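Below you'll find the structure, written out as structure tokens, and then a few comments.
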Amino acid sequence: MRLFCFPYAGASASVYYPWCRDLVQDLELCAIQFPGRETRIAEEPISAMEPLVAALLPELMPYLDKPFLFFGHSMGATVCFEIARRLILSGSRIPEMLFVSASRAPHLKQTEDPIYLLPGEAFIERLRSFSGTPEEIFQYPELLELYLPILRADLAIEETYTCSGVSPFPFPISGFGGEEDKEVDHKDLEAWAQYSAPLFSLRLYPGGHFFIREQQQTLIRDMMNDLAAHIPYSSKLS
């Protein structure tokens with residue numbers, strides 16, 4: 001079985017590499033790399049959902065030859081939701097489960113003004129308030145110059161995406177969030193329930209929007225236990 005992990009805004013595939021040591025041995029980690037970063041640094045960042053999904057789907061299809069799962073944190077949850085929706089519509093193989101973390105349900109609109117439209121200094125100050133960007137990036141102008149277009153494009157994807165009229169998915173969805181998250185509260189997470197016909201579950205952990213950093217082992221254990229509860233041939237962790 002494969003676990004496809006979709007990164008949050010501004011992040012790269014490498015944020016999920018530490019997960020390898022905590023996953024069960026028969027689960028293969030496949031970290032998704034969006035254009036414009038790390039191994040795809042030469043490519044232009046994509047700033048809308050439609051072209052991003054159009055770029056990712058052909059690359060994913062050869063790896064959907066065995067049972068698979070989707071996990072996404074924040075923006076990554078919205079992206080993997082939309083890819084799952086496209087797979088269903090096309091009659092392709094679909095995920096066994098969807099794991100969504102620190103993300104509003106797709107139909108919920110952001111209540112604040114779009115961040116991606118803010119001018120330079122205001123944009124940077126808003127990023128600092130998230131506590132998701134390493135402080136070192138703000139200390140080096142050359143690094144910041146590379147990073148800002150990526151993050152602005154990612155936020156544009158998240159803040160301009162709209163969703164309506166989606167039928168419940170035929171697989172379980174597990175939601176996860178931080179108890180002190182100021183961006184996404186438990187009601188935003190609970191709203192994901194309408195997208196799963198079989199079952200939706202929700203867990204909250206100590207921490208804010210990026211709780212997955214401190215709660216990695218606990219989160220992965222809970223994901224695997226959810227998987228074991230719904231898929232007979234998976235391995236349950238004690």
Side-chain angles (χ1 to χ4, degrees), residues 1-9 11-33 60 63-64 66-81 83-84 93-106 130-132 134 169-193 195-238:
M1 185 177 290
R2 292 188 171 113
L3 172 63
F4 293 94
C5 292
F6 295 75
Y8 48 86
S12 305
S14 60
V15 299
Y16 291 115
Y17 293 170
W19 285 34
C20 291
R21 62 175 177 264
D22 295 319
L23 291 173
V24 292
Q25 291 184 351
D26 56 355
L27 189 61
E28 179 184 359
L29 175 69
C30 299
I32 303 300
Q33 191 76 282
L60 279 173
Y63 298 95
L64 307 185
K66 59 175 66 175
F68 63 94
L69 315 163
F70 280 170
F71 173 90
H73 184 80
S74 197
M75 181 196 82
T78 309
V79 175
C80 69
F81 165 85
I83 288 181
R93 191 168 195 162
I94 61 175
E96 304 289 335
M97 287 190 71
L98 181 64
F99 299 108
V100 295
S101 173
S103 175
R104 294 182 181 90
F130 283 148
S131 301
F169 290 168
F171 47 77
I173 297 177
S174 291
F176 308 99
E179 293 173 345
E180 291 84 44
D181 191 343
K182 297 179 181 179
E183 305 298 323
V184 180
D185 63 28
H186 72 280
K187 291 183 179 179
D188 296 329
L189 290 160
E190 287 172 350
W192 279 95
Y195 295 100
S196 176
L199 183 67
F200 173 77
S201 62
L202 174 63
R203 290 186 179 87
L204 298 179
Y205 303 84
H209 193 66
F210 294 97
F211 72 92
I212 59 171
R213 295 171 179 167
E214 295 79 20
Q215 304 296 330
Q216 174 182 310
Q217 290 183 328
T218 304
L219 172 63
I220 291 175
R221 183 197 65 203
D222 290 340
M223 288 169 58
M224 296 302 97
N225 285 337
D226 283 356
L227 176 62
H230 304 303
I231 302 178
Y233 49 79
S234 62
S235 301
K236 186 168 184 177
L237 297 181
S238 58

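Here the structure is a predicted model, which means the values were calculated and not measured. Numbering starts at 1 and runs along the sequence shown.
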inquiry  = What verdict does the ring pair (Phe, Tyr, Trp, His ring centres under 6.0 Å) test give for Phe68 and Phe70, after you've listed the backbone C-alpha separation in whole Å, the side-chain angles of each residue and the deciding distance to 0.1 Å?
reply    = CA-CA 7 Å; Phe68 63 94; Phe70 280 170; 5.3 Å; yes
So do [Y] and [X] actually touch side chain to side chain, heavy atoms under 4.5 Å?
X: Leu60; Y: Ile32; value: yes
X: Met223; Y: Leu3; value: yes
X: Pro198; Y: Phe169; value: no
X: Gln216; Y: Pro18; value: yes
X: Ser74; Y: His209; value: yes
X: Leu27; Y: Leu69; value: yes

For [X] against [Y], the heavy-atom pair lying closest together:
X: Ala13; Y: Ala31; answer: O-CB, 3.5 Å
X: Phe176; Y: Leu189; answer: O-CD2, 3.5 Å
X: Arg93; Y: Leu64; answer: CD-O, 3.1 Å
X: Phe6; Y: Gly76; answer: CB-O, 3.5 Å
X: Ser101; Y: Ala77; answer: N-CB, 4.2 Å
X: Pro7; Y: Ser12; answer: CB-O, 3.8 Å

(message) More than 12 heavy atoms of other residues, nucleotides or ligands under 6.0 Å from OH of Tyr17: yes or no?
(response) yes
Surrounding CD of Gln217 (heavy atoms of other residues, nucleotides or ligands, distance under 6.0 Å), is the total greater than 12? no
Is the [X] ring parallel, tilted or perpendicular to the [Y] ring (thresholds 30°, 60°)?
X: Tyr16; Y: Phe71; answer: perpendicular
X: Tyr195; Y: Phe81; answer: perpendicular
X: Phe210; Y: Tyr8; answer: perpendicular

Hey, what do you get for [atom1] ([X]) to [atom2] ([Y]), rounding to the nearest 0.5 Å?
X: Leu227; Y: Ile220; atom1: CG; atom2: CD1; value: 12.5 Å
X: Met224; Y: Asp226; atom1: CE; atom2: CG; value: 8.5 Å
X: Ser201; Y: Glu190; atom1: OG; atom2: CD; value: 12.0 Å
X: Met97; Y: Met1; atom1: CE; atom2: CE; value: 10.0 Å
X: Arg203; Y: Asn225; atom1: CZ; atom2: CG; value: 7.0 Å
X: Glu96; Y: Ile94; atom1: CD; atom2: CD1; value: 8.0 Å

Would you check if the side chain of Ser103 reaches a backbone N or O of His73 as a donor-acceptor pair within less than 3.5 Å?
-> no
Distance-only, no hydrogens or angles: does the Arg2 side chain make a donor-acceptor pair with backbone N or O of Tyr63 under 3.5 Å?
yes
